[in-house]
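Residues take their numbers from the sequence shown, with the count starting at 1.
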Amino acid sequence: MNTPAFKVMHKSYKLFFAGVLCVLLFAVGGLIFFNAYVYTGYKLGGYTKQEYQKALDIAARDFCRADNLTFIGFEEILHGGDTDAWAAVRAKDEVGRTVYVWIYLEWGSCRQQWLRKFCRRLAPPMDELFYNRITPTQIKRAQYAISQMIADVDRNFRVVFGDTK
């Protein structure tokens with residue numbers, strides 16, 4: 001199959017797949033940049049190191065999308081030249097169940113602002129999947145993990161671009 005038509009078609013397939021690969025790489029790079037740079041400091045730019053409680057409150061409200069937050073604990077951690085802050089929060093979810101959330105911020109010395117390092121819901125109802133030996137299968141666990149990652153990215157986009165309910 002070394003006809004001239006085959007060579008042209010073969011080259012056009014290569015260009016097409018190279019274009020698709022470039023678009024995918026650009027999309028993945030954009031998601032990484034958004035989650036690592038844009039979302040981490042969103043709305044936390046105006047607070048000083050001493051105002052960590054206000055920054056934790058903003059981060060918790062954005063993460064929980066609720067106004068009825070109860071802070072169970074706050075703490076500022078100083079180690080070396082770094083400053084971190086954490087909070088445990090109790091809130092109501094969309095269904096009305098009580099949920100617990102862990103918020104962890106760090107002071108970004110380059111950007112001179114608080115940055116979201118870790119925000120996680122503690123023991124969500126779907127965690128029961130991981131304590132059962134028989135079901136679900138590994139595939140269902142992987143599907144759940146992937147759906148959680150997609151839900152995190154979706155929540156981050158909603159926080160930054162609106163629709164925070």
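When hydrophobic residues (I, L, V, M, F, W, Y) are linked wherever their side-chain heavy atoms come within less than 4.5 Å, Val23 remains an isolated member. Grouping Ile, Leu, Val, Met, Phe, Trp and Tyr by side-chain contacts under 4.5 Å, direct or through others, puts Ile32 with Val28. The hydrophobic side chain of Leu115 is isolated, with no ILVMFWY side chain under 4.5 Å apart from it. The hydrophobic cluster containing Met149, built from Ile/Leu/Val/Met/Phe/Trp/Tyr side-chain heavy atoms closer than 4.5 Å, also comprises Ile146, Ile150.
The pair Arg120-Asp152 meets the salt-bridge criterion, since a charged nitrogen lies less than 4.0 angstrom from a carboxylate oxygen. Between Asp84 and Lys117 there is no salt bridge, since no side-chain nitrogen of the basic residue lies less than 4.0 Å from a carboxylate oxygen of the acidic one.
The heavy-atom pair separating Trp86 from Gly73 by the smallest distance is CZ3-O, 3.8 Å. Considering all non-hydrogen atoms of both residues, Glu76 and Lys49 come closest at OE2-O, 3.7 Å. For the pair Trp114 and Ala55, the tightest heavy-atom approach, listed with the atom from each and the gap, is CD1-CB, 3.7 Å. Among all heavy-atom pairs drawn from Thr40 and Asn35, the shortest one is CG2-O, 3.3 Å.
Listed by first then second residue, pairs satisfying ring-ring contact (aromatic ring centres under 6.0 Å, His included) with a partner in residues 40-72 read Phe71-Phe74, not counting sequence neighbours.
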* Going through the checks in order, is the side-chain contact (heavy atoms from CB on, under 4.5 Å) test met by Arg116 and Leu44? -> CA-CA 9 Å; Arg116 290 170 181 86; Leu44 301 177; 3.8 Å; yes
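With Gln113 contributing its side chain and Gly46 its backbone, the two residues share no donor-acceptor pair below 3.5 Å.
Qualifying ring pair (Phe, Tyr, Trp, His ring centres under 6.0 Å) partners for Phe157, counting only residues two or more places apart in sequence or in other chains: Phe34, Phe161.
By the 4.5 Å heavy-atom criterion applied to side chains, Leu56 and Leu105 are counted as neighbours.
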